[in-house]
Structures are given as C-alpha cells and as structure tokens.
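Remember, it's 1-based here, ligands and their atoms both numbered in the order they're listed.
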Amino acid sequence: MLQKDVKLDNTSKTWVLEKHIDFLQSFGKERHQYESSMMEFLRMSGMYWGLTALYLINDGKIPKEDEIFEYIKSCEHSCGGYSPAPGHDPHLLYTLSAVQIACLLNRELELPIEKIVLYVSKLQQDDGSFTGDKWGEIDTRYSFCALACLSLLGKLNEINLVKAVEFIKSCQNFDGGFGSRPGAESHGGLIYCCVGSLSIAGRLDLVDADTLGWWLAERQLPSGGLNGRPEKLPDVCYSWWVFSTLNILGRDHWIDKEGLKTFILASQDNEGGGFSDRPGDEPDPFHTLFGLAALSLMSHDKILPIDPTYCMPKAVINRLGLKPQTLS
Ligand SMILES: COc1ccc(S(=O)(=O)N2Cc3cc(-c4ccc(C=O)o4)ccc3N(Cc3cncn3C)C[C@H]2Cc2ccc(O)cc2)cc1
Ligand SMILES: [Zn+2]
C-alpha cells in the first residue's frame with residue numbers, strides 16, 4: 001500500500017518570524033475579515049490560539065489587554081460558562097479558552113471563579129466523564145477541558161478526580177492509545193487529551209508509555225510530518241498533539257526532530273505569515289499556534305518555552321504554581 005504523504009519541495013523555508021507576528025495581530029482585521037467572521041462560532045478559542053502564539057514569539061507581549069478582557073466578560077453567562085461570542089450558548093471548550101486567555105493576561109483572579117467551578121463540576125457524570133454542555137455529548141476532550149480549566153483556577157479538588165481518572169482509564173486501548181469514549185479507536189488528538197488529563201491528575205502510572213510511545217512514533221512519515229492515525233496525511237497540528245504527548249512521556253527522542261522541524265517550517269506562509277496544516281494550504285491561527293508550540297518544545301530560538309500539558313507558556317504555568325506530571 002503506497003504510504004500517503006506529502007512531497008516537500010527542496011526550497012528550505014526560511015523562518016519568517018516578523019510575518020507571523022503580523023499575521024497574528026491582523027487576524028480579525030480587514031486583511032482576514034472574511035475568515036474571522038466565518039469563525040465566530042469558535043472565536044473565544046481562536047483568540048486563545050492567536051494570543052498564545054503571539055505571546056510565544058512576541059516576548060510575552062499581548063496588545064489591547066483591556067479590550068480582550070472586556071470581550072471575555074461579554075461572553076460570560078449567569079451559569080458560569082462562556083460562549084465563543086456574545087449571543088452564543090456557553091460550552092466547556094470556550095470556558096477553558098476564556099480561563100486560558102485570562103491566565104495569559106495575569107487576570108484570572110478577576111473571573112467569577114466560584115461560578116465557573118460550579119458550571120464545570122455540574123458537567124461531570126456519575127461515571128466520571130464530562131459533557132461539553134447541557135446537550136450531553138460525552139468526549140474525553142471534555143475531561144481534558146474540565147481538568148485543565150479547574151487546575152488553572154486552583155480548584156481541581158472541586159470535582160471527583162478519582163472517577164474522572166477511572167473514566168479515562170476505561171478509554172485506553174490495546175495499542176496503548178485512547179479514544180473519545182470506551183471502545184473508540186485511538187486518535188492523536190484524543191491521546192493528547194487523555195495523557196494531558198492524567199498528567200494534571202498525577203496518574204501517568206496508568207499509561208503504558210512504551211506501547212503508546214511506539215504508536216506515537218509510528219505517526220511520523222518520510223516527509224518528517226506526523227499524522228493522527230495510520231494511513232492519514234501529515235498535519236502540522238499533529239506535530240503538537242503527538243509530539244507534546246511523546247514529550248510528556250519522556251520519549252520525544254523516539255522521532256526524527258529535524259524531520260519534523262523541516263515539515264513545520266515548510267508549512268509556513270512565506271508571504272503573509274502564519275502556518276497551515278501542510279505545505280501549500282491556507283494558514284490559520286489554529287495551525288500557527290500548534291506549529292510554533294511544537295517548535296518551542298524543540299527549543300527553537302526566539303520562541304518562549306511552552307508547557308507540553310497545558311499548551312501555555314511555561315512562565316504562566318510557573319506563575320500559577322502548577323506542576324503537571326511528566327515521565328523522564
Ligand atoms: C476549517 O474547518 C474547520 C473544521 C473544524 C473546526 S473545529 O472548530 O471543530 N476544530 C478547530 C479548528 C480550527 C480551525 C481554524 C481556522 C481558523 C481558525 C481561527 O482561529 O481556526 C481550523 C481547523 C480546525 N480543526 C479541523 C482540523 C484541523 N486539522 C485538521 N482538521 C480537520 C480542528 C477542529 C477540532 C478541534 C481541535 C482542537 C480544539 O481545541 C478544538 C477543536 C473548525 C474549522
Ligand atoms: Zn490540523
């Protein structure tokens with residue numbers, strides 16, 4: 001079976017740092033008005049992706065802090081949850097993004113912390129799992145959102161952590177990976193959510209690090225890029241989901257880092273800045289953050305250090321006194 005992959009043209013992409021700063025600062029303005037309006041349904045997350053990426057390459061400086069904090073407040077609901085934009089429904093995904101942005105701004109203490117804690121803890125089910133909102137979809141992505149959100153606020157003890165870990169354990173597969181629910185197939189993004197949750201809970205002892213490390217290293221293709229499942233094309237965002245998980249498990253040396261770096265840099269847009277999912281596609285803030293975050297984990301100069309568990313700047317995680325578990 002021919003292995004699906006992309007062919008990198010041999011022009012080595014230079015590192016266009018200044019253009020990435022310009023791309024991120026202009027997203028949402030005239031230049032990207034259309035895409036930005038199309039993404040209103042995820043705007044709060046889009047702001048977390050764009051602002052975290054900017055923080056990493058702009059020496060921790062974020063423009064218009066007050067305007068950003070006002071926007072977060074405009075998306076707050078009386079139940080303690082946050083919506084992606086004013087007038088939309090609250091959801092755990094955007095509640096995490098709002099808390100992450102507030103932590104970037106060093107203003108998390110100005111949030112209605114007790115109301116947020118109540119909103120998140122009400123989403124936990126009897127089996128320890130979490131739904132994303134009142135419509136009741138269960139997914140291990142939401143376990144990660146709940147644990148990351150509460151631990152950032154110093155309130156991890158307000159949910160049943162033992163049951164939460166039990167549910168994640170019930171989603172572990174024979175290949176060492178994890179899926180969205182018990183019995184669901186292993187997938188790079190969900191493995192990151194489950195291993196990240198176990199890292200926050202201090203329960204990485206439940207992970208079969210060698211079997212999972214092998215499965216994750218198998219995601220690397222000849223192009224150097226990583227895919228999320230066997231037989232899929234490589235994609236820059238899996239550089240983060242797969243590589244940060246290998247980093248948490250202490251097995252990031254099991255892949256060819258130079259090859260991964262080449263693939264990520266080949267996915268830069270040399271004209272307008274930003275990163276796309278693979279060379280030649282349109283850049284977006286989502287892939288720009290995850291490309292830069294993976295480069296940060298490979299200690300690329302000019303990018304501030306990032307925490308592999310929270311996908312947030314190390315400086316912010318240290319300031320909050322958080323110590324997510326990693327394996328050596
Ligand atoms: C362009 O098509 C999509 C498809 C799915 C989504 S998603 O919201 O379900 N989501 C996040 C996501 C975001 C973008 C994007 C474009 C512009 C912006 C502005 O900030 O963000 C693009 C893709 C994307 N996906 C889809 C994807 C990424 N790589 C391969 N695919 C198919 C991921 C998707 C799921 C998700 C992942 C992480 C997360 O924190 C939230 C949602 C969004 C746009
Ligand atoms: Zn992607």
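Residue contact check: Cys237 has heavy atoms under 4.0 Å from atoms 29 (N) of ligand 1. Per-residue contacts place Gly46 under 4.0 angstrom from the following atoms of ligand 1 (heavy atoms of the residue considered): 20 (O). Near Leu42, with a cut-off below 4.0 Å to any heavy atom, the atoms of ligand 1 are 8 (O), 13 (C), 43 (C). Near His287, meaning under 4.0 Å from any of its heavy atoms, are these atoms of ligand 1: 28 (C), 29 (N).
Note that atom 4 (C) of ligand 1 has no protein non-hydrogen atoms nearby, at separations under 4.0 angstrom. Protein heavy atoms come within 4.0 Å of atom 12 (C) of ligand 1. Protein non-hydrogen atoms do reach within 4.0 Å of atom 33 (C) of ligand 1. There is a protein heavy atom closer than 4.0 angstrom to atom 42 (C) of ligand 1. Protein heavy atoms come within 4.0 Å of atom 20 (O) of ligand 1.
Residues His287 and Asp235 bring a donor and an acceptor atom of their side chains to less than 3.5 Å of each other. In this structure, a donor-acceptor pair under 3.5 Å is present between the side chains of Tyr142 and Glu137. Using modelled atom types and a 3.5 Å distance limit, the side chains of Thr288 and His20 yield no donor-acceptor pair.
Residues Arg203 and Asp205 are paired through a salt bridge, judged by an N-O separation under 4.0 Å between the basic side chain and the carboxylate.
Of all protein heavy atoms, the one lying nearest to atom 39 (C) of ligand 1 is Trp49 CZ2, 3.9 Å. Asp235 OD2, 4.5 Å is the protein heavy atom nearest to atom 31 (N) of ligand 1. Regarding atom 22 (C) of ligand 1, its nearest protein heavy-atom neighbour is Asp284 OD2, 4.0 Å. For atom 15 (C) of ligand 1, the nearest non-hydrogen atom of the protein is Phe286 CB, 3.9 Å.
Here the side chain of Ser26 pairs a donor or acceptor atom with the backbone of Asp22 at under 3.5 angstrom. Formation of a donor-acceptor pair under 3.5 Å by the Arg278 side chain with backbone atoms of Pro234 is found in this model.
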List the steps and the verdict of salt bridge (Lys or Arg N to Asp or Glu O under 4.0 Å) for Lys169 and Glu166.
CA-CA 5 Å; Lys169 177 90 183 113; Glu166 217 172 271; over 6 Å; no
Derivation of the side-chain contact (heavy atoms from CB on, under 4.5 Å) call for Phe263 and Val6
CA-CA 9 Å; Phe263 178 83; Val6 296; 3.6 Å; yes
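Between Asp66 and Arg107, the closest side-chain pair of non-hydrogen atoms falls below 4.5 Å.
With distances taken over non-hydrogen atoms, the option nearest atom 44 (C) of ligand 1 out of Met38, Met39, Met44 is Met39.
Considering backbone and side-chain N/O atoms, Arg141 never comes within less than 3.5 Å of an N/O atom of ligand 1.
Here Asp235 reaches the Zn ion (ligand 2): one of its N/O/S atoms is less than 2.8 Å from the metal.
Among Phe144, Phe178, Tyr192, the one residue that satisfies the ring pair (Phe, Tyr, Trp, His ring centres under 6.0 Å) test with Trp241 is Tyr192.
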